[in-house]
Amino acid sequence: MRPDQQGEAIFLLPDEKLAELLSAIKERGYQLIAPILRDAALCFSEIDGASELPQGLRDAQSPGSYRIKQTASPERFAHASGPTSLKRFLYPPRLKLWQTQRKANAMVFEEPADPPPRYAFIGPRPCDLQAVAIQDRVFLRSAHPDNDYRRRRENALFVAVNCLHPSESCFCSSMNSGPSAKSGFDILLTEQIESEELYYLVQTGTDEGLEILNTLKLKPAADSKKRKAATELKQATKKIERKLDPTGIGPALKERLDSPAWDELENRCLACGNCTLACPTCFCSTVEDHTDLAGEIATRDRVWDSCFQQSFSYVAGGPVRSTIKGRYRQWLTHKLSSWSDQFGTLGCVGCGRCITWCPVGIDLVAEANAICTERQSQNPTKTTIGVSP
Amino acid sequence: MRPEPWRVKRVHKDTRDTFSLELEPENGDPFSFLPGQFNMLYLFGTGEVPISISGDPGQTDAILHTVRRVGVVTDAMGQLRKGHSLGLRGPYGEPWPLDQAENKDIVIVAGGIGLAPLRPALLSIVANRDKYQNIVLLYGARTPDDILYRKDLEKLSAQLDIQVFVTVDRGTANWRGSIGVVPNMIRRAPFDAQNAVAMICGPEIMIHYATKELHRRGLPDEKIFVSMERNMKCGIGLCGHCQFGPYFVCRDGPVFPYSRVEKLLQVREA
Ligand SMILES: Cc1cc2nc3c(=O)[nH]c(=O)nc-3n(C[C@H](O)[C@H](O)[C@H](O)COP(=O)(O)OP(=O)(O)OC[C@H]3O[C@@H](n4cnc5c(N)ncnc54)[C@H](O)[C@@H]3O)c2cc1C
Ligand code: SF4
Ligand code: SF4
Ligand code: FES
């Protein structure tokens, strides 16, 4: 549902029929993955059906802080992104790449042959879809595409939800990724509540989405309902206060690699790597080699890595980036600048996860803006940094 | 990401800490490669490391790698013997720009193991000697005993009209050659800076001073090529480890025109 899409086929799905939608998806062989409450946060996890979707949960997010509150509202998606993203499913934290067996002094390499999982994501946000599109560029638009990612990706179904409740950490409107989805979904829901009645406006983005929807025999949504949703989406955009200039930031950061403003991060950033793990687009990995006790079979796993690890850049003579400031600069300039050179898009969708889940509340938007404002200031050493916009 | 099984055909001991492995595939024929490219070599259960190809691109019955023992994987590689197997994937990376050096003088600047990735370039130049003008090799090793490919170098300078200058950090009693760092040899090296191409491989600090000296001689940035070293896990632009500003060294390098990396090389910890 976009404010400008009122002419499109939009259907009405009462909340009672959500269970039918999810069953129809499950019957097609999909595993349902949706945000549910786990460890006091809304995390993408496997569910059996719509009854497991929590109701009335609201989130309060700000730099370094995430709180869940239970309300009496029946809404299921009235919150923003939690700590997990679809990355965990399409690009798992640990993946066996191959194993090799020593046979008469020769080696035989075998890749796992398991069929790829079939995930149906229920409730990813517009920014999550954009993050998948970015990872597609990283893993698929390559001379050496990642085969495991390709198979998971081709098998996945996306039932996305537009955002009416962006959090304080969100800045999708700056990154052109939300709060309304434009592409990347099979089915798109806009959750609505009207005189205590919960329903969804439903659109489809693919033939498969349409096929699934057709089995539910839904009625078209009334124009008044479409107008209400469009207005609320416009209001959601207005609620987003965090701002970043996506075209100016890349070139500006390149000019500021030597800025003294980076120095201060040496003491603030813990180099814990939470930001890279929470980020839905960060893709760095390392490999781990293991042998069985008999020394006959060796396996190689790919595991998520973080550029905040000192060992990440290790070469003869030590790490290339031994300081935390050097590693923070690598991360920030990669996300907001060099990513464009590499993949023709920034590496950030404005989901705010890195801001919320940084234990010391470092805010990449504030940092980037501070570093770039300093570029224009007359006296570069006098700029204060770290102030939220 | 899956290696192919290869087998050690022969092992040469080059110096006290450096050895060369001649490798042939378990199945099929070796591939052809371009000078400056590298392979990922995997040792059973131990790990995988990027190693440049150091053999003759014209000879396709085996692939040669020259390895210096510096840590876990390279030490274990030093234990490999004839008939042992290992995993190999490649060849990866951008090569030395030999096509851009035709009808020009070529200055090759190498430090330590940095000569290994330049050896295929040298051998290819030798095989097509008439295509190029003056060829100068400036090579620095730690001590006279650390000089790599000694026989090759003697042959090159004796028979093939290639001027070889070797320097060492520390001499020995019977060392008559020069002592000092490689960049110092650039000042008097016999090449025409108006019509030359330089190729550099060695520690970053050497690259730094070598390019300075080359500039001083009047060689422009676009005519200088450097091979970069970064941590590498995948070799194919997927793992992020080798990032250098906008580049993936594995995919966009390891050989770069100096003009593309000059600014970044001046930033600490880029
Ligand atoms: C493109 C390229 C070409 C190379 N060509 C050669 C060559 O022809 N001959 C040769 O002897 N060496 C070469 N090297 C360096 C070689 O890869 C390292 O010496 C090797 O990775 C060290 O691994 P290790 O396990 O023995 O050492 P450790 O110190 O135990 O290394 C641990 C890990 O750190 C990383 N690492 C350590 N040193 C380096 C390094 N210098 N460069 C990159 N990663 C490193 C590796 O991932 C390694 O697995 C090349 C490096 C690159 C990037
Ligand atoms: S950098 Fe931060 S805000 Fe941007 S996509 Fe990653 S986690 Fe989200
Ligand atoms: S920015 Fe925050 S989350 Fe990221 S490494 Fe530093 S302290 Fe950890
Ligand atoms: S080595 Fe993995 S991206 Fe270059």
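In what follows, every chain begins at residue 1, and chains take the letters A, B, ... in the order their sequences are listed. Computation of the quantities below employed the complete heavy-atom set of this structure, encompassing side-chain atoms and omitting hydrogens, waters and symmetry-equivalent molecules.
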Taking the side chain from [X] and the backbone from [Y], do they hold a donor-acceptor pair closer than 3.5 Å?
X        : Y        : value
B:His241 : A:Phe312 : yes
A:Trp339 : B:Pro246 : no
A:Asp289 : B:Gly45  : no

Of the backbone (N, CA, C, O) and the side chain (C-beta and beyond), which part of [X] lies under 4.5 Å from a heavy atom of chain B, both, or neither?
X        : result
A:Ser285 : both
A:Glu296 : backbone
A:Asp305 : side chain
A:Phe343 : side chain
A:Ser311 : backbone
A:Ser313 : backbone

### Query
Step by step, would you call B:Tyr92 with A:His144 a side chain to side chain contact (heavy atoms under 4.5 Å, CB included)?
CA-CA 11 Å; B:Tyr92 298 133; A:His144 303 273; 3.9 Å; yes
Pick from [options] with the largest number of heavy-atom pairs that fall under 4.5 Å of chain A:
options                               : result
B:Pro5, B:Pro3, B:Gly47, B:Pro203     : B:Pro3
B:Glu229, B:Glu48, B:Arg251, B:Arg268 : B:Glu48
B:Gly237, B:Gly71, B:Ala270           : B:Ala270

### Task
Between chain B and each of A:Gln330, A:Arg329, A:Glu288, count heavy-atom pairs under 4.5 Å; write down the option with the most.
A:Arg329
### Message
If you count every heavy atom of other residues, nucleotides or ligands that lies below 6.0 Å from A:Phe89 atom CZ, does the total exceed 12?
### Response
yes
Between atom [atom1] of [X] and atom [atom2] of [Y], what is the distance when rounded to the nearest 0.5 Å?
X        : Y        : atom1 : atom2 : value
A:Asp341 : B:Asp252 : CG    : CG    : 10.0 Å
A:Ser338 : B:Phe244 : OG    : CZ    : 11.5 Å
A:Asp258 : B:Gln266 : CG    : CD    : 9.5 Å
A:Met107 : B:Phe44  : CE    : CZ    : 7.0 Å
A:Tyr314 : B:Arg230 : OH    : CZ    : 14.0 Å
A:Asp146 : B:Ile236 : CG    : CD1   : 8.0 Å

### Task
Kindly indicate whether the side chain of A:Gln342, heavy atoms from C-beta on, has any atom under 4.5 Å from the side chain of B:Phe248.
yes
### Query
Are any non-hydrogen side-chain atoms of B:Arg2 and A:Leu97 less than 4.5 angstrom apart?
no
### Message
I need the minimum non-hydrogen distance between B:Leu238 and A:Ser142, along with the two atoms involved.
### Response
CD2-OG, 4.4 Å
### Task
State, to 0.1 Å, how close B:Arg7 and A:Ala106 come at their nearest heavy-atom pair, and which atoms those are.
NH2-CB, 4.1 Å
### Message
Walk me through whether A:Cys284 and B:Gln243 qualify under side chain to side chain contact (heavy atoms under 4.5 Å, CB included).
### Response
CA-CA 10 Å; A:Cys284 286; B:Gln243 286 189 74; 4.1 Å; yes
### Query
When you measure from the centre of the six-membered ring of B:Tyr42, is the NZ or CZ of A:Arg300 under 6.0 Å away and within 45° of the axis?
no
### Message
One pair to check against side chain to side chain donor-acceptor pair (under 3.5 Å): A:Ser322 and B:Glu269. What are the steps and the verdict?
### Response
CA-CA 8 Å; A:Ser322 57; B:Glu269 304 201 340; 3.0 Å; yes
### Task
Walk me through it: do A:Arg302 and B:Met1 pass the test side chain to side chain contact (heavy atoms under 4.5 Å, CB included)?
CA-CA 10 Å; A:Arg302 180 193 71 194; B:Met1 291 285 269; 5.6 Å; no
### Task
Examine whether an atom of B:Glu204 lies under 4.5 Å from a heavy atom of chain A, and if so say whether it belongs to the side chain, the backbone or both; otherwise answer neither.
neither
